[in-house]
Asks: 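My structure is below; once you've seen it, I'll send some questions.
Note that ligands are numbered from 1 as they come in the structure, with each ligand's atoms numbered from 1 the same way. In this chain, residues are counted from 1 in sequence order.
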Amino acid sequence: MSLVLDHDSNCLFCKIAAGKIPSRVVYEDAEFFAFHDIHPWAPVHFLIIPKLHIPSMAQVTAEHAALMGRMMALVPQLAAKEGCNPYPQGGFRLVTNTGAEGGQEVQHLHFHVMGGPRPWLRG
Ligand code: AMP
Ligand code: ZN
């Protein structure tokens with residue numbers, strides 16, 4: 001059985017993407033949802049998720065290549081919109097924790113995008 005679902009009704013991030021749990025929205029389109037992390041590590045810290053319930057990077061296959069490419073392309077666009085300073089003096093960090101040993105707590109694929117002036121709380 002595939003772990004990739006259109007939607008998992010028990011998943012926190014599926015509920016956030018559906019507007020069932022409130023969030024500070026950064027961006028939304030038909031395929032993606034982006035919102036501020038509730039415990040930011042950096043002056044800018046938001047998450048980008050696919051609306052498709054992919055549990056983690058471990059389930060990403062060639063079938064998802066185009067979707068992942070579009071998700072990647074959102075990163076610089078939304079980082080600039082949220083106030084990350086321009087590259088190279090500014091920039092941002094892109095992180096995807098995967099699995100327990102990778103430090104993943106929420107089992108719905110997400111990109112952390114962090115930026116803004118140092119020092120940061122972590123990292
Ligand atoms: P990870 O450890 O990579 O799975 O990251 C999960 C992230 O989700 C953490 O940075 C949490 O602070 C964040 N988070 C958890 N619940 C919420 C929520 N309701 N709204 C926004 N961010 C959340
Ligand atoms: Zn989900």
Asks: Compare all side-chain heavy atoms of His64 with those of Leu52 and state whether any distance is below 4.5 angstrom.
Replies: yes

Asks: Measure the distance from atom 4 (O) of ligand 1 to every protein heavy atom, then report the residue, atom name and distance (to 0.1 Å) of the closest one.
Replies: Glu105 N, 2.7 Å

Asks: Compare all side-chain heavy atoms of His108 with those of Cys14 and state whether any distance is below 4.5 angstrom.
Replies: yes

Asks: With a 4.5 Å cut-off on side-chain heavy atoms, are Met114 and Val44 touching?
Replies: no

Asks: Is the number of heavy atoms from other residues, nucleotides or ligands under 6.0 Å of Arg24 CZ greater than 12?
Replies: no

Asks: Do me a favour and list the nearest non-hydrogen protein atom to atom 9 (C) of ligand 1 with residue, atom name and distance?
Replies: Asp37 OD2, 3.4 Å

Asks: Could you tell me whether the Zn ion (ligand 2) has an N, O or S atom of His53 under 2.8 Å away?
Replies: yes

Asks: Decide whether the shortest distance between a heavy atom of Ile21 and an atom of ligand 1 is less than 4.0 Å.
Replies: no

Asks: Look at ligand 1 and say whether Leu47 reaches it with a heavy atom at a distance under 4.0 Å.
Replies: yes

Asks: Tell me which part of Thr96 gets within contact of ligand 1: side chain, backbone, both or neither, using heavy atoms under 4.0 Å.
Replies: neither

Asks: Check this for me - ligand 1, Gln104, N or O atoms closer than 3.5 angstrom, yes or no?
Replies: no

Asks: Check ligand 1 against Leu12 and write out every atom of the ligand that is under 4.0 Å from a heavy-atom position of the residue.
Replies: 16 (N)

Asks: Can the positive tip of Arg122 be found less than 6.0 Å from the middle of the six-membered ring of Trp120, inside 45° of the ring normal?
Replies: no

Asks: Quick one about His112 and His45 (side-chain donor to acceptor, distance below 3.5 Å, no hydrogens or angles considered), yes or no?
Replies: yes

Asks: Taking a cutoff of less than 4.0 Å between a non-hydrogen atom of the residue and any ligand atom, is His36 in contact with ligand 1?
Replies: yes

Asks: Distance under 4.0 Å to a non-hydrogen atom of His112: what atoms of ligand 1 satisfy this?
Replies: 1 (P), 3 (O), 5 (O), 7 (C), 10 (O)

Asks: For atom 17 (C) of ligand 1, what's the nearest protein heavy atom and its distance?
Replies: Ile38 CG2, 3.7 Å

Asks: Name of the His108 N, O or S atom nearest the Zn ion (ligand 2)?
Replies: ND1

Asks: Can you find a side-chain donor-acceptor pair between Gln104 and His110 that sits under 3.5 Å?
Replies: no

Asks: Check Trp41 against ligand 1 and report side chain, backbone, both or neither, counting heavy atoms closer than 4.0 Å.
Replies: neither

Asks: Where is the nearest protein heavy atom to atom 8 (O) of ligand 1: which residue, which atom, and how far?
Replies: Phe13 CZ, 3.5 Å

Asks: Any atoms of ligand 1 less than 4.0 Å from a non-hydrogen atom of His39? List them with their elements.
Replies: 12 (O)

Asks: Against ligand 1, does Gly103 come closer than 4.0 Å with any heavy atom?
Replies: yes

Asks: So which heavy atom in the protein is nearest atom 6 (C) of ligand 1, and how far is it from that ligand atom?
Replies: His110 NE2, 3.6 Å

Asks: Specify the protein heavy atom at minimum distance from atom 19 (N) of ligand 1: its residue, its atom name, and the distance to 0.1 Å.
Replies: Ile16 CD1, 3.7 Å

Asks: Under 4.0 Å from a heavy atom of Asn97: which atoms of ligand 1 are those, numbered in the order shown and with their elements?
Replies: 1 (P), 2 (O), 3 (O)

